[in-house]
Amino acid sequence: MGRVAPSVEEVGGEQPPPALGPGETVSGTVAELRAAYESGRTRSLEWRQSQLRGLLRLLAEEEAAAFRALREDLGKHQAEAYRDEIGVLVKSANAALREVWVPLIAFPARAQLEPQPLGVILVFSCWNVPLGLSLEPLVGALAAGNAVALKPSELAPATAKFLGDNVGKYMDATAVKVIQGGPEVGEQLMEHRWDKVLFTGSPRIARVVMAAAAKHLTPVALELGGKCPCIFDTIGGSARDLQTAVNRVVGGKWSSCAGQACLAIDYVLVEERFVPVLIKALKSTLKKFFADSDHMARIVNARHFRRLSDLLKDKSVAASVLHGGTLDAKNLCIEPTILLNPPLDSAIMTEEIFGPLLPIITVKKIEDSIAFVRARPRPLAVYAFTKNAALRRRIVEETSSGSVTFNDAVVQYGIDSLPFGGVGESGFGQYHGKYSFEMFSHKKAVLTRGYLIELTARYPPWDDSKISMMRQLYRYNYVGFVLTFLGLKK
C-alpha cells in the first residue's frame, strides 16, 4: 500500500507524544473500550447527558489552554478561536441537550430543509425477491426526482427480462433504464460515477461494489441480510397462542422463498425443556402447510442446491437432523429440515443458510439467548416470540440488528411506516415509504436572513466587549448580551 501521509520528519515537525501511556497497549485500550460499552452504561440517557455536560465543563475550565494551543498552532486570535471553535462547541453541546431550533442570534431569519434528488442512481437488485426488490427502491428514487439505472439479477432471468421489456413502456425510457447482464456488466457499471448505489445481495459481492464505488467516493447503501435469530420463549398455557406462534415461525422460515430470503429466520433459540413441545408443533404445522410440495419455492439453481446439500453432508450436522433432509437434485427441492443443536462451529451455524434448513439451539434459560445473539454478527432482524415484557425490553436494549419484531416474522418488511435496512455486517442504509425518499434525497439546509439587525461583535477589530457578547450569545443568554451591548455588564 502507498503511504497516505508524510512522516513527521518529512514535514519538519517534532515527534508527537506517544498515544498510549506506560504499560498500555492498543489491544488493551480497545478491550477496555469494548468492556465499557458492553457494560451497558453508555446506553443510558443519564450517562450521555453527563458526557455532554462534562464537555461543557472542559471548555469552560480549560478555555485559556485551548486559546494558547490554537494560537500556537495557527496564530488565531482568541476571539476568532472562540467564534469558530470553542463557542461553536459550547453551542453544539448545549443544543444536543435540548431541542434543535433556530436561535435568536440569527434573527430575523427563516430556516428550512429542502430535499433535493441526489442525481443518477444505480440499483443492483437480487434474485430471491427479483421484482419487489427491483421496484421498491425504484419508487423512492423516482419520487425523489432521480434518474435510475436498474441492474436486475441474472440469476432470475425471466424477471430480468420482464423488467427489461416493460419498464421502458410505462416510464420515461430516457430516465429509467433496465440494464441486463451478468457480473461483467455489473463491473462495467461500477466503472462509472454514480450519485448513489444501492446493492442488495451477498457480503462477498458487496465488498466488490464498495471497493469500486470508493474510486469515485460514491455513497453506497447495502442490504445484505445475515443470520436472523428467532428467540422462542414459552408462550404459556394457551394452545392457540402456541400454534399461532409456530405458524408464524414456519411462515417466516419456509414460506419465504424456501428460506432464501434475507429476512427469513435462520435459527431458533429455545429453552431445553420446551424443545419437545416446539418440535412437535413444527412438524405438524409443516405437514399441514406443505402437504403439497408446490406450496414451497424451490432452490434457485444447482449451485445453491449443492451449497445447501454440502451443509448437511457434515457428519456432525447430519446427526442433528430431526426432521426432513430429503434432497431432490433433479427438481432442485429440499424438504423442510429441522436440526437440533448442530455444532456451533459448523458451516450451518457460521454462514447464512439461505435455504429450508432450520437449526434449533437450546439454552438453559431464555435470557441466555441474548448473549448468544450478541456474540455473533449483527443480523438484519431479530425475532422473538414472548409475552415477557422484561425480556422484550432487554432484547431491544441489549442486541443490535436492523429491526426487532416480536411475536411474528418477516411481516415488518411490508409496513411502509417502518424503515427497512441493516446495521454493521447486515448492511447500512434504510428505505421503504418515506425512508426511500430520504435515502435518495439530500436535505439541503437553507437559511434566509434579513438586513434589519447586524451583529457587529462577529467582526474584527476585536476587544473584550465583543468576546463577552459572543459568550452570551453562544449560551443563548440574550439578556446578558443586551446588558453587555449596553455596557452594563462585562
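Nothing fancy with the numbering, it's 1 onward along the sequence.
- Checked by atom type and distance alone, the side chain of K227 never pairs as donor or acceptor with a backbone atom of I265 at under 3.5 Å.
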* To do: Give the intermediate values and the outcome of side chain to side chain contact (heavy atoms under 4.5 Å, CB included) for residues L263 and S256.
  => CA-CA 8 Å; L263 281 171; S256 297; over 6 Å; no

* Are N388 and D233 close enough, and set up right, to give a side chain to side chain contact (heavy atoms under 4.5 Å, CB included), and what steps lead you there? -> CA-CA 8 Å; N388 186 330; D233 192 13; 4.0 Å; yes

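- Contact record, F354 with A261: CE1-C, 3.4 Å, taken as the closest heavy-atom pair.
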* Check the pair L163, L135 against side chain to side chain contact (heavy atoms under 4.5 Å, CB included), reporting the backbone distance first and the verdict last. => CA-CA 9 Å; L163 292 166; L135 299 182; 3.9 Å; yes

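- Within the 4.5 Å cutoff, the side chain of V197 has heavy atoms near those of the V209 side chain.
- The salt bridge (charged side-chain N to carboxylate O under 4.0 Å, His left out) pairs that include a residue from residues 461-484 are E63-R471, where partners are two or more places apart or lie in different chains.
- With a 4.5 Å cut-off on side-chain heavy atoms, T200 and C262 do not count as touching.
- Checked by atom type, the side-chain pair T405/Q412 shows a donor-acceptor distance below 3.5 Å.
- At least one side-chain heavy atom of W194 sits under 4.5 Å from a side-chain heavy atom of H192.
- With F385 as the fixed residue, the side chain to side chain contact (heavy atoms under 4.5 Å, CB included) test singles out one of V268, V249, I231: V249.
- Under a 3.5 Å cut-off, the side chain of K443 and the backbone N or O of E438 do not form any donor-acceptor pair.
- Between E425 and R378, at least one side-chain nitrogen of the basic residue sits less than 4.0 Å from a carboxylate oxygen of the acidic one, meeting the salt-bridge criterion.
- Residues Y383 and F232 place their aromatic rings such that the two centres sit no closer than 6.0 Å.
- Taking the six-membered ring where the residue is Trp, F420 and H432 present parallel rings, their angle staying beneath 30° rather than reaching 60°.
- Judged by distance alone, the side chain of N146 and the main-chain N or O of P117 form no donor-acceptor pair under 3.5 Å.
- Cation-pi check for R376 over F372 is met; the charged atom lies under 6.0 angstrom from the ring centroid and within 45 degrees of its normal.
- Between the side chain of S426 and the backbone N or O of P379 there is at least one donor-acceptor pair closer than 3.5 Å.
- In the displayed structure, E62 atom CD is contacted under 6.0 Å by at most 12 heavy atoms of other residues, nucleotides or ligands.
- Classified by interplanar angle (parallel below 30°, tilted 30° to 60°, perpendicular above 60°), the ring pair F485/F481 is parallel.
- Judged purely by atom type and a 3.5 angstrom limit, K177 uses its side chain to pair as donor or acceptor with the backbone of A173.
- For E272 and K364, the salt-bridge test passes: some basic side-chain N is under 4.0 Å from an acidic carboxylate O.
- Interatomic distance, CD of E223 versus CD of Q430, reported as 8.5 Å (0.5 Å rounding).
- Looking at L150 and S125, their side chains come closer than 4.5 Å, going by heavy atoms from C-beta outward.
- Distance check: C230 SG to L269 CG gives 8.0 Å after rounding to the nearest 0.5 Å.
- What you find for G164 and Q180 is that their closest heavy atoms are CA-NE2, 3.7 Å.
- Under the 3.5 Å distance criterion, with hydrogens and angles disregarded, no donor-acceptor pair is assigned to the side chains of E136 and Y413.
- What you find for S153 and W127 is that their closest heavy atoms are OG-CB, 3.5 Å.
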* Should K151 and V185 be marked as a side chain to side chain contact (heavy atoms under 4.5 Å, CB included) after you check the CA-CA gap, both sets of side-chain angles, and the distance that decides it? -> CA-CA 9 Å; K151 166 64 175 69; V185 173; 4.3 Å; yes

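- At least one donor-acceptor pair closer than 3.5 Å links the side chain of S369 to the backbone N or O of I366.
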